[in-house]
Amino acid sequence: METPLEFSHESVVVRRGRRSRLPIVVAVHSTALGRAVGGCRMWAYDSWEDGLRDALRLSEGMTRKCAAAGLPNGGGKSVVVLPAGRSLTPDERRAALHDLGDIVAELGGTYVTGPDAGTGPADMAVIGERTEYVFCRPEAAGGSGDPSPFTALGVVAALRSTCLALFGSPGLAGRRFAVIGLGHVGEQIARQLAAAGADLVLSDVDPVKRSLGAELGAVFTEPDAAATAEVDVLVPAALGGLLTRDLVGRLRCRAVAGAANNQLADPGVAESLRERGILWAPDYIANAGGVVNAVSREVLGDDAEKAVRRIESIADTLTGLFETAAREGITTARAADDLARRRLAASVPTAPGPA
């Protein structure tokens, strides 16, 4: 069984917010390549410990993501654990965001936060009232705006690379994809695939999303059915942990490539996929478009066109990983981890994509 990258976290703050009284976790995994970056997730968990575990896992994933993408940054993550069974009022939400901003400010620039599940650019503007260390504020407020379109753009680039590996052509027209999760990113992936002429199976736990299926001429079904649909590529775009050993045994796709973080329920699932001949695009490679755009625009000073070229270079990175895995007889997860390790060991940031 393969093991994940073993990087010890540099710092972890767990605190009950002074204003909101909500549990807040800020995990800084690595600053070996530069200050840590990673979004703020506002989500309801069964316990604050589950929120802590998520922050630890996601921040490690951000270290891999930044290293593999050639960004001059390490990985971090923040989690605000929401109360179960009810939504925050606007005042409560603002209080929680200010509490998080205070913690980020105390870290003195070792960590910069941004949007994640449950947050968006407007929330980043609120956090920005308490700290300068925040990405993706609205463009009118001087930030790079919503990262979702750029995450989706990177995933579609990864899907083209996946189709190239499967069929010898990156074309999406006539290929069949099952997209699970139709939030900000998943919906945009579905729209881009439909515009490219792909056939779609769509799924979301929210039945309101059924209307998107009708609009795009797609089949809409339950998540369990979508996961085992007979398609070319399964596209996870919801929360992590979808790919269990049990599910892998029931998959009827040729590949898995999507936007969700931490898709593998445990590291050994990568080998299970390889044994079944199912190609897996490592999630932190495929879904790096959002952070690549933010760093490109807000740190490296790129214009929009150059940032897009960097995002589209995800396809080249992934093609190289597919070739390495096939040549060396290893999983694509191992190939991606080796790439991240090499870049971390060198501790020399390199810009991704074209110059």
Side-chain angles (χ1 to χ4, degrees), residues 41-46 50 53-54 57-58 82 84-87 116-118 120 148 151-152 155-156 158-159 162-163 166 172-266 268-270 272-273 276-283 286-287:
R41 176 165 292 193
M42 296 187 76
W43 207 256
Y45 295 85
D46 290 336
D50 289 338
R53 279 188 284 270
D54 213 15
R57 185 170 61 249
L58 290 166
L82 298 181
R86 74 173 182 88
S87 300
D116 197 81
S148 300
T151 302
V155 171
V156 172
L159 291 172
T162 301
C163 286
L166 292 177
L172 304 175
R175 304 301 178 194
R176 189 167 174 82
F177 300 87
V179 182
I180 300 179
L182 300 173
H184 294 303
V185 176
E187 177 176 341
Q188 293 183 58
I189 292 170
R191 290 187 181 280
Q192 291 185 40
L193 290 174
D199 295 326
L200 298 178
V201 176
L202 303 181
S203 182
D204 195 279
V205 294
D206 183 356
V208 171
K209 299 292 185 178
R210 187 177 295 273
S211 62
L212 180 65
E215 177 187 343
L216 299 181
V219 174
F220 190 92
T221 188
E222 298 300 316
D224 288 347
T228 56
E230 190 169 352
V231 296
D232 293 312
V233 186
L234 177 64
V235 186
L239 296 181
L242 175 70
L243 297 175
T244 63
R245 293 171 192 256
D246 174 69
L247 177 61
V248 168
R250 296 182 289 115
L251 290 178
R252 294 191 294 164
C253 59
R254 296 185 60 178
V256 180
N261 286 308
N262 297 321
Q263 293 170 19
L264 305 182
D266 70 73
V269 172
S272 299
L273 287 163
R276 286 214 56 207
I278 298 172
L279 187 64
W280 182 58
D283 42 36
N287 66 15

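In this chain, residues are counted from 1 in sequence order.
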Under a 4.5 Å cut-off applied to non-hydrogen side-chain atoms, are Leu279 and Val233 in contact? no
What are the two closest heavy atoms between Gly118 and Trp43, and how far apart are they? N-CZ3, 4.3 Å
Using every non-hydrogen atom in the two residues, find where Ser203 and Pro223 come nearest and quote the distance to one decimal. OG-N, 2.8 Å
Hey, is [X] close enough to [Y] for a salt bridge, meaning N to O under 4.0 Å?
X: Arg210; Y: Asp204; value: no
X: Arg175; Y: Asp199; value: no
X: Asp206; Y: Lys209; value: no

Check against side chain to side chain contact (heavy atoms under 4.5 Å, CB included), Phe220 and Val201: CA-CA 6 Å; Phe220 190 92; Val201 176; over 6 Å; no
side-chain contact (heavy atoms from CB on, under 4.5 Å) test vs Trp280 passes for just one of Val248, Val269, Leu273, namely Leu273
Starting at [atom1] of [X], measure out to [atom2] of [Y] and round the result to the nearest 0.5 Å.
X: Thr162; Y: Leu159; atom1: OG1; atom2: CG; result: 5.5 Å
X: Leu193; Y: Phe177; atom1: CG; atom2: CZ; result: 5.5 Å
X: Leu243; Y: Asn262; atom1: CG; atom2: CG; result: 11.0 Å
X: Leu202; Y: Glu215; atom1: CG; atom2: CD; result: 10.5 Å

Hey, does the side chain of Asp50 reach the backbone of Tyr45 with a donor-acceptor pair shorter than 3.5 angstrom? no
Please enumerate all residues that pass salt bridge (Lys or Arg N to Asp or Glu O under 4.0 Å) together with Asp246, with sequence neighbours excluded. Arg250
Go through the steps for Leu200 and Val219 under the test side chain to side chain contact (heavy atoms under 4.5 Å, CB included), then give the verdict. CA-CA 6 Å; Leu200 298 178; Val219 174; over 6 Å; no
For residues 178-190, dump all side-chain donor-acceptor pairs below 3.5 Å to protein atoms at least two apart in sequence or in another chain.
{"residue": "Glu187", "atom": "OE2", "partner": "Arg191", "partner atom": "NE", "Å": "3.1"}
{"residue": "Glu187", "atom": "OE2", "partner": "Arg191", "partner atom": "NH2", "Å": "3.1"}
{"residue": "Gln188", "atom": "NE2", "partner": "His184", "partner atom": "O", "Å": "3.1"}

Are more than 12 heavy atoms, taken from residues, nucleotides or ligands other than Asp224, located less than 6.0 Å from that residue's CG atom? no
Distance-only check: which donor-acceptor pairs under 3.5 Å involve side-chain atoms of residues 251-261, not counting sequence neighbours?
{"residue": "Arg252", "atom": "NE", "partner": "Thr228", "partner atom": "O", "Å": "2.9"}
{"residue": "Arg252", "atom": "NH2", "partner": "Thr228", "partner atom": "O", "Å": "3.3"}
{"residue": "Asn261", "atom": "OD1", "partner": "Asn287", "partner atom": "ND2", "Å": "2.9"}

